[in-house]
Amino acid sequence: MTLDDLTVTLRALRMLAVDFPNLPAPDVTVSPVFPEWLRLSFHDSSGESLAAFEQWRTALGIVPEAVEYGTQSGGLTRVLKAEGRFAGAVIVLTGFADVPVTGTTPAGQSGGAL
C-alpha cells in the first residue's frame with residue numbers, strides 16, 4: 001500500500017478542515033489497515049469531549065439514533081461512537097469521558113461495553 005491509496009481519506013480530512021474550521025480539534029487517525037476510514041476521537045475527563053462529539057455528529061448529519069453508547073475501563077469511561085460518510089470516506093466518531101461518580105450512581109453500573 002502507498003500513500004496514494006489513502007487519497008480519499010486524506011481528501012476528506014482536508015475538506016473537513018476547510019468546511020468546519022471552528023469545530024473542536026479531534027485526535028485524527030488514518031490507517032492503511034482501513035484505508036477508507038477516517039477516525040475522529042475526542043478525549044477528556046470533563047465531559048467536553050462528548051460535547052465535541054455531538055458538534056461533529058450534528059455537522060456531519062449523523063442521526064442521533066446512529067450513536068452507540070457504552071462504557072469501558074470497568075465502567076469508569078463513557079464512550080459514544082457513530083459512523084457516517086463524508087467526501088467518500090467513512091467517518092468514525094468516538095467520544096470518551098469519565099463517568100461521573102456519585103453516591104447514587106457508582107461507576108461500572110451503566111451501559112454496555114463497546
Side-chain angles (χ1 to χ4, degrees):
M1 177 159 284
T2 66
L3 193 57
D4 189 54
D5 295 316
L6 301 174
T7 300
V8 170
T9 306
L10 294 173
R11 184 180 305 121
L13 178 59
R14 185 183 70 210
M15 291 175 68
L16 288 173
V18 170
D19 290 355
F20 306 110
N22 297 320
L23 289 181
D27 290 330
V28 176
T29 304
V30 176
S31 171
V33 175
F34 298 102
E36 292 185 7
W37 291 13
L38 175 60
R39 295 179 180 275
L40 307 179
S41 301
F42 308 90
H43 306 261
D44 74 40
S45 59
S46 69
E48 290 298 316
S49 59
L50 300 184
F53 172 94
E54 281 299 309
Q55 289 175 28
W56 277 98
R57 182 197 60 75
T58 300
L60 293 171
I62 300 171
V63 297
E65 296 79 21
V67 176
E68 298 176 34
Y69 172 80
T71 60
Q72 65 183 34
S73 301
L76 298 175
T77 303
R78 295 179 286 177
V79 182
L80 297 179
K81 184 176 180 182
E83 293 182 12
R85 292 196 73 84
F86 181 82
V90 176
I91 308 296
V92 181
L93 299 178
T94 310
F96 301 92
D98 290 347
V99 170
V101 179
T102 67
T104 59
T105 58
Q109 297 284 323
S110 63
L114 279 181

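Reckoned from all heavy atoms, side chains included, excluding hydrogens, waters and symmetry mates. Since the structure is predicted, the reported quantities are computational estimates derived from the model, not experimental observations.
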At what distance, to the nearest 0.5 angstrom, does [atom1] of [X] lie from [atom2] of [Y]?
X     : Y     : atom1 : atom2 : answer
Leu16 : Leu60 : CG    : CG    : 6.0 Å
Leu76 : Thr71 : CG    : OG1   : 8.5 Å
Asp44 : Phe96 : CG    : CZ    : 11.5 Å

Considering non-hydrogen atoms only, spot the tightest contact between Val99 and Gly75 and give its length.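 That closest heavy-atom pairing would be CG2-O, 3.2 Å.
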- Item | Non-hydrogen atoms of Phe42 and Pro24 that approach each other most closely |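 Heavy-atom minimum between the residues: CE2-O, 4.0 Å.
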Test side-chain hydrogen bond (donor to acceptor under 3.5 Å, both in side chains) applied to Asn22 - qualifying residues, sequence neighbours left out: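 By the side-chain hydrogen bond (donor to acceptor under 3.5 Å, both in side chains) rule, Asn22 matches no residue at all.
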Would you please name every residue forming a side-chain hydrogen bond (donor to acceptor under 3.5 Å, both in side chains) with Thr7, sequence neighbours left out?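 Result, side-chain hydrogen bond (donor to acceptor under 3.5 Å, both in side chains) vs Thr7: Asp4.
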message: Filter on salt bridge (charged side-chain N to carboxylate O under 4.0 Å, His left out), then keep only pairs touching residues 49-61, sequence neighbours left out; what's left?
response: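 Qualifying pairs, neighbours excluded: Glu54-Arg57.
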Worksheet entry | Summary of salt bridge (charged side-chain N to carboxylate O under 4.0 Å, His left out) pairs that have at least one residue in residues 16-35, sequence neighbours excluded |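 Not a single pair qualifies under salt bridge (charged side-chain N to carboxylate O under 4.0 Å, His left out).
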Would you give me the side-chain donor-acceptor pairs under 3.5 Å for residues 87-94, sequence neighbours excluded?
none

**Report entry** Member of Thr29, Val28, Thr9 meeting the side-chain contact (heavy atoms from CB on, under 4.5 Å) criterion with Arg39
**Finding:**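 It is Thr29, the one option of Thr29, Val28, Thr9 that forms the side-chain contact (heavy atoms from CB on, under 4.5 Å) with Arg39.
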With sequence neighbours excluded, residues passing side chain to side chain contact (heavy atoms under 4.5 Å, CB included) with [X]:
X     : result
Val18 : none
Leu10 : Leu3, Leu6, Val30
Ala17 : none
Ala51 : Glu48

Checklist line | ring-ring contact (aromatic ring centres under 6.0 Å, His included) contacts touching residues 15-36 (sequence neighbours left out) | finding: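 Every ring-ring contact (aromatic ring centres under 6.0 Å, His included) pair that includes a residue of residues 15-36, provided the two are not neighbours, is Phe20-Trp56, Phe34-Trp37.
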| task | Group every Ile, Leu, Val, Met, Phe, Trp and Tyr by side-chain heavy-atom contacts under 4.5 Å, then state whether Leu38 and Phe86 land in the same group. | result |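 Hydrophobic grouping puts Leu38 with Phe86.
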Hydrophobic clustering (ILVMFWY, side-chain heavy atoms < 4.5 Å, transitive) - are Phe53 and Leu23 grouped together?
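Result: yes, single cluster for both.
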